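A short worksheet on the structure shown next.
Just so we're clear, the structure is a prediction, and the values are computed from it rather than from any experiment. Both counts, for ligands and for their atoms, begin at 1 and track the order of listing.
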Amino acid sequence: MTPSQRAALRRDPIRHIVWRKDRLEVLDQRLLPRRAVFVTCRDARAVARATHDMVLRGAPLIGCAAAYAMALAARRGRLREVLAAEPMLRAARPTAVNLMHALDHMLAVARSGPESTLAARMAEAAERYRQDDLEANARMAEFGARLLAPGSRVITHCNAGALATAGIGTAVGVIRAGWLTGRLSHAYACETRPYLQGSRLTLWELMKAGVPSTLITDSMAAHVMKTERVDAVIVGSDRIAANGDVCNKIGTYALAILARHHGVPFYAVAPTSTVDMATPDGARIPIEERSPREVLEIFGAPIAPRGARARHFAFDVTPASLVTAIVTERGVVSPADEAGLKKLMSPR
Ligand code: MRU
C-alpha cells in the first residue's frame, strides 16, 4: 500500500457524533439515507437513550458515544455523577462489548485523579478513545485487504462501516482498502432485515466511496454464492468470545454456513475492544432481543396480519470453526481460536 493510500484510510472521518463540550450531537441513523438529522444529547441519559433507540449504532461507535457520555457526566467535576451515569449507559444495549470496554476505560480515567481535573481528563480521554478507534480502523483495513486476491468479489452483512465506527469502518474498511489497492472488484451488501443497515447504510457508504456494489436481500446470498463468483465473506462483530466464536448482526451465522458450504473464506474484522476474553464462548454472549414491532412493521407500515406474533433476535453467534480469520488492529488471528486470541490480547 502506498503512503497516499494509507493516508486515505484515515482521511475525513464521517461526522456522525460531534463533541461540543457541553453536548454531543448525534446523527440519527434511523433516518438515513433519506434525511440527515442530528439529535442533541446534553447528558449521559440522553446518550443512553439514543443508543438504546438506535439513533446511533455499530459496536465501536456505541463505545465512542459512551465515552463522550461519561465526559458529559463529568462536566460538573463530581465523581459521583460519573459513577451514577455508568450503570445506566451499560444497560443501553447488552451485546456489543465495546460499550463495556469504553465504560471500563472511562471509569479508570475518572478514578485516576482529583475532581478538580475530572472534567478535562474525561473530555480528553473520550477524544483519545475516538482517535484510537479511527487508527485501529485504518490498520484493520490494511491487514484485511492483504487477505484478498486481486479483483476479489465479496459479500458483507449489516453495516460495519464508517457509520458504525470512528473511522473508515471494520468490514467496510477492508472493502474500501481492497478497492483502493485493486484487490477488490465488487461488493454485495445483504439488506439486513429488519433494520436494513445493509441497504440503507452500507450501500450508501459504498456508493459514496465509489466501490462497485450491489444490494441483495438476505435470502439471496446462497444463490449468489452458487451462481456468481464470490471470493470472501467479510463482516464486523459486536463481541468475540475467548474461543473465537463471533457474535454479529442476525443473519451472519447463516452467511458463515453458506460460505463454508461453498468453500468461501469467512473473515470477521473487529478491533481488540470487541474481543471479550472474560466470556469463554459464544453461548455466554447476551443476545439482544428487540421489540417484535420492528419485525412486524417496516417504517411504521404493517407487513403481517394484525395480532401476528414475531421475535426479533438482533444478533447471532458464528462458531469459531466457521471463521477463517479474525482481523484486528494488532494483526490477523487464524485459525480463530483461544490460543491465537490469548496471544493477541496478551499485554505488549
Ligand atoms: O444493531 P446494530 O446496527 O448496532 O448492529 C451492528 C452490527 O452488528 C455490526 O456488524 C457490528 O456492530 C460491527 S460494526 C463495525
For ligand 1, note which part of [X] has a heavy atom under 4.0 Å away: side chain, backbone, both or neither.
{"X": "T165", "answer": "side chain"}
{"X": "A59", "answer": "both"}
{"X": "M54", "answer": "side chain"}
{"X": "Q197", "answer": "side chain"}
{"X": "Y195", "answer": "neither"}
{"X": "P60", "answer": "side chain"}

Enumerated ligand 1 atoms positioned under 4.0 Å from heavy atoms of [X]:
{"X": "K249", "result": "1 (O), 2 (P), 5 (O), 8 (O)"}
{"X": "G58", "result": "4 (O), 12 (O)"}
{"X": "A160", "result": "14 (S), 15 (C)"}

Should [X] and [Y] count as an ion pair when the cut-off is N to O under 4.0 Å?
{"X": "D22", "Y": "R20", "result": "no"}
{"X": "D218", "Y": "R193", "result": "no"}
{"X": "E115", "Y": "R78", "result": "no"}

Exercise. Has R45 got more than 12 heavy atoms of other residues, nucleotides or ligands less than 6.0 Å from its CZ?
Worked result: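 Not buried by this count: 12 neighbours or fewer within 6.0 Å.
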For this session: For atom CZ of R229, decide whether the heavy atoms of other residues, nucleotides or ligands shown that lie under 6.0 angstrom number more than 12.
Result: yes
Problem set entry | Name of the residue among R57, Q197, R200 meeting side chain to side chain donor-acceptor pair (under 3.5 Å) with N159 |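 Considering R57, Q197, R200, a side chain to side chain donor-acceptor pair (under 3.5 Å) with N159 is found only for R57.
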Exercise. Are R34 and F299 in a cation-pi contact, defined as NZ or CZ under 6.0 Å from the six-membered ring centre and within 45° of the axis?
Worked result: yes
Exercise. How close do L163 and E205 get, heavy atom to heavy atom, and via which atoms?
Worked result: N-OE2, 2.8 Å
Exercise. Considering only heavy atoms, which of A164, S237, G169 lies nearest to atom 14 (S) of ligand 1?
Worked result: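 Looking at heavy atoms only, A164 sits closest to atom 14 (S) of ligand 1.
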Exercise. Quick one: which of R57, R93, Q29 has a heavy atom closest to atom 3 (O) of ligand 1?
Worked result: R57
For this session: May I ask you to identify the nearest protein heavy atom to atom 8 (O) of ligand 1, giving residue, atom name and distance to one decimal place in Å?
Result: D238 OD1, 2.8 Å
Problem set entry | Shortest protein contact, atom 9 (C) of ligand 1 (heavy atom only) |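 Answer for atom 9 (C) of ligand 1: N248 OD1, 3.4 Å.
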For this session: Kindly say whether Y195 contributes a backbone atom to a donor-acceptor pair with the side chain of E294 at under 3.5 angstrom?
Result: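 Not at all, since once roles are kept as given, no pair shorter than 3.5 Å links the two residues.
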Exercise. So is there a nitrogen or oxygen of T170 less than 3.5 Å from a nitrogen or oxygen in ligand 1?
Worked result: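 N/O-N/O distance under 3.5 Å: no.
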Problem set entry | ligand 1 to H157 polar contact by distance, N or O atoms, under 3.5 Å |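 Between H157 and ligand 1, no N or O pair is found under 3.5 Å apart.
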For this session: Only one of L258, I257, L255 passes side-chain contact (heavy atoms from CB on, under 4.5 Å) with L322; say which it is.
Result: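 Per the side-chain contact (heavy atoms from CB on, under 4.5 Å) rule, the option paired with L322 is I257, out of L258, I257, L255.
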